[in-house]
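Here is the structure we will look at, set down as structure tokens.
Quick note: numbers below take in every heavy atom, side chains included, and nothing from hydrogens, waters or symmetry partners. Small disclaimer: the values here were computed from a predicted structure and weren't measured.
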Amino acid sequence: MNERSQVLALKYRPRRFEDLIGQETIAQTLSLALDSKRLSHAYLFSGLRGSGKTSTARIFAKALMCENGPTSHPCEQCEHCVSANEGRHMDIIEMDAASSRKIDDIRDLIEHTKYQPASAKFKIFIIDEVHMLTKEAFNALLKTLEEPPPFVKFILATTDPLKLPATILSRTQHFRFKKISNQDVSAHLRHILNLENITYEPDALQILARSGSGSLRDTLTLLDQAIIYSKHHVDVSTVTEMLGLIDPQFFESLFGIIFSKDRTRLVDTLRELEAYEAEMVVDELTSWLKERLYDHDDARFSPLLLERFFRILSEAKSLFAINAEGSFVLGLIFFKMIEALKVKEIDQMIESLEAQVGRPDSVAYAHTAPPSPATVPAAPAAQAVENAGTPEAAAVPKPQPVAAPAVDPALAKFKALCARIEDRSADLGACFREQITFIAYGDDTLTWESCAEGDCRAMLKRGFPVIKQLVREVFGFETKIKHNPCSKPEEGASPNPKPVSEPVYEAATPETGYGLEKSVSAVEEMEGRPTYMESYSAVEEAPQSASMTEEVETGSGSCVTGNCEPDLSTREIDGNAILDEPMIQKAIELFEATKITIQNKV
């Protein structure tokens, strides 16, 4: 065949180990084996089509046949090298297992192994697509493959090594040919085009390399076609048109429309894409966005935004599996990308929420309003002005600056707890703030007083798991909760009850800082029914004395007053009721749970 009429894949087929593209590890290993004379009797080459398996097998066979061999650098001058390059060496027998796959073909091959080589040092059998042999043929080959004559070498090549029996794999040295990278393929294409004196655009070669999917032979076949179609000038427009792909400049304008959120122009662009296969468009979009990930010059494509775009594209792949209409899927992709641009707005919302959660001291929950200027008593200085010029003026002491009282850390944490509960649920937070009064914190025990009734009592009972978790986050995981009964007199109670004062929080002012607890007077222990939190977690959280335990067992206690309710602490809680909690329902919806298991905590 005339060299000018040869296709590029055959014309530039490698003839030395140095010419192999992307398989440097395998070339080095075989070269060292030849130079050190540490040769095996059987080799297995596996890998993607067009990755160089057969070419490597022929180079290795020529290196064994050379008169100076075995050597990693055949002379290319002797009769053995010349005949091996021309594919007519009598002692190099190539067999296609796809067409000669039966046991009779293997018997003929085994018969040939009994005879000495005709002129060379070795007789080499190259079996291509060896995975196509039948089970009987493999079994017939086993004995000869394990212990062949010393002058026989087997080189097996396959694209699917998983189909080979384990008995074959264990008798060969296995070399795995990796996928050739796009950079190596592009560099090889540039080398060939320079030798052929053909002009080209580098981006066009990148498109050809990507279309070859790691197969050098497939890429060279596409390059042959591109040279003809482009009239010896390989550029991006002709390559994309030949392959039916989309010009990268089209994607540039497309994402310009997406970032401008121009839905009208986007609809017109979708009509232009109807001429292309939708799945191919998605693949090209993925490749184009991958290049944007490595391109740091375009500030529009942040990694977070690209991650959202890739997720949209991956979800679109599942729609193709159910035979969704292509133009509909593309439209859905681009409109979802417009919505994904709101990621910055969502980031701002998250930062704002974190700022609110992290600002416990900036919110002062005041039980009383700050005193108005009209109710503030006259300062001594004002009285001194009235008495100016009198003998009493000298006796009036000068006003002294009053130091701001120190902030109680435990009270500050309690305010933080109130803020976090209200951030979680406004209604629950309002009920907690109005009905729960801070008493003290010490020895990992938080003590408060509860006066909740009616709907507020029920709401706090339902939300107690959330409150307990937030208490542990604010005060510490080992914190226990102690609930004191309400010290306020109920309606119909005896008059003139003993005074009980609650902690009062002042409003935050620039002079005094944030609200402080004024005072907590001694609270006289009073009988009362158990609060909602006592009934929910008294067994787990609140420490009980011996008398309290005795009351639970005998059914006595606060019921001696005649105004009692059933003691909920001894009643078993229905676990299935937890499923009705709003937080659990939200979790089921978020995680798409299909199986829920409820376990009792003892």
Kindly determine whether Ile467 and Leu428 satisfy side-chain contact (heavy atoms from CB on, under 4.5 Å), including the steps that lead there.
-> CA-CA 9 Å; Ile467 296 173; Leu428 180 62; 4.2 Å; yes

Minimum-distance pair of heavy atoms, taken over all atoms of [X] and [Y]:
{"X": "Ala324", "Y": "Val329", "result": "CB-CG2, 3.7 Å"}
{"X": "Cys451", "Y": "Glu449", "result": "SG-OE2, 3.8 Å"}
{"X": "Met280", "Y": "Leu245", "result": "SD-CD2, 3.8 Å"}
{"X": "Ala340", "Y": "Ile312", "result": "CB-CD1, 4.2 Å"}
{"X": "His174", "Y": "Pro161", "result": "CE1-CB, 4.1 Å"}
{"X": "Lys290", "Y": "Phe310", "result": "N-CZ, 3.7 Å"}

Residues two or more places apart in sequence or in another chain: which of them pass ring pair (Phe, Tyr, Trp, His ring centres under 6.0 Å) with Phe259?
-> Phe301

Salt bridge (Lys or Arg N to Asp or Glu O under 4.0 Å) partners for [X], two or more places apart:
{"X": "Asp203", "answer": "none"}
{"X": "Glu272", "answer": "none"}
{"X": "Lys178", "answer": "none"}
{"X": "Arg311", "answer": "Glu307"}

Using a strict cut-off of less than 4.0 Å between a Lys/Arg side-chain nitrogen and an Asp/Glu carboxylate oxygen, indicate whether Asp160 and Lys163 qualify as a salt bridge.
-> yes

Under 4.5 Å between any side-chain heavy atoms of [X] and [Y], yes or no?
{"X": "Phe334", "Y": "Leu273", "answer": "yes"}
{"X": "Phe335", "Y": "Ile258", "answer": "no"}
{"X": "Trp288", "Y": "Glu252", "answer": "yes"}
{"X": "Leu305", "Y": "Arg292", "answer": "no"}
{"X": "Leu446", "Y": "Phe438", "answer": "yes"}
{"X": "Val466", "Y": "Arg424", "answer": "yes"}
{"X": "Leu48", "Y": "Thr159", "answer": "no"}
{"X": "Ser46", "Y": "Phe175", "answer": "no"}

When rounded to the nearest 0.5 angstrom, what is the spacing between [atom1] in [X] and [atom2] in [Y]?
{"X": "Met337", "Y": "Leu332", "atom1": "CE", "atom2": "CG", "result": "10.5 Å"}
{"X": "Lys261", "Y": "Ile338", "atom1": "NZ", "atom2": "CD1", "result": "8.0 Å"}
{"X": "Leu417", "Y": "Leu411", "atom1": "CG", "atom2": "CG", "result": "11.5 Å"}
{"X": "Ile436", "Y": "Ile421", "atom1": "CD1", "atom2": "CD1", "result": "8.5 Å"}
{"X": "Gln435", "Y": "Thr437", "atom1": "CD", "atom2": "OG1", "result": "8.5 Å"}
{"X": "Phe432", "Y": "Ser425", "atom1": "CZ", "atom2": "OG", "result": "12.5 Å"}

With Ser181, which residues qualify under side-chain hydrogen bond (donor to acceptor under 3.5 Å, both in side chains), at least two apart?
-> Asp184

Go through the structure and list residues passing side-chain hydrogen bond (donor to acceptor under 3.5 Å, both in side chains) with Asp247, not counting sequence neighbours.
-> none

Only distances under 3.5 Å count here; give the side-chain donor-acceptor pairs of residues 315-322 to other protein atoms, sequence neighbours excluded, each with its distance to 0.1 Å.
| from | atom 1 | to | atom 2 | distance (Å) |
| --- | --- | --- | --- | --- |
| Glu315 | OE1 | Lys336 | NZ | 2.9 |
| Lys317 | NZ | Asp283 | OD1 | 2.6 |
| Ser318 | OG | Glu315 | O | 2.5 |

With [X], which residues qualify under side chain to side chain contact (heavy atoms under 4.5 Å, CB included), at least two apart?
{"X": "Thr447", "value": "Ile439, Thr445, Lys482, Asn484"}
{"X": "Glu325", "value": "Ser327, Phe328"}
{"X": "Gln469", "value": "Glu473"}

Checking side-chain contact (heavy atoms from CB on, under 4.5 Å) for the pair Arg457/Arg462: CA distance, chi angles, key distance, verdict?
-> CA-CA 9 Å; Arg457 175 191 176 98; Arg462 289 195 303 270; over 6 Å; no

Are there more than 12 heavy atoms of other residues, nucleotides or ligands under 6.0 Å from atom CD of Glu279?
-> yes

For Gly47, does its backbone N or O pair with a side-chain atom of Ser51 as donor and acceptor, under 3.5 Å?
-> no

Without swapping roles, check the side chain of Ser215 against the backbone of Gly212 for a donor-acceptor pair under 3.5 Å.
-> no

Strictly under 6.0 Å, is that where the ring centroids of Tyr441 and Phe414 end up?
-> no

Cut-off 3.5 Å, no hydrogens considered: what does the side-chain donor-acceptor table look like for residues 262-270, sequence neighbours left out?
| from | atom 1 | to | atom 2 | distance (Å) |
| --- | --- | --- | --- | --- |
| Asp262 | OD1 | Thr264 | N | 3.3 |
| Asp262 | OD1 | Arg265 | N | 3.4 |
| Arg263 | NH2 | Glu339 | OE2 | 3.2 |
| Asp268 | OD1 | Arg271 | NH1 | 3.1 |
| Thr269 | OG1 | Arg265 | O | 3.0 |

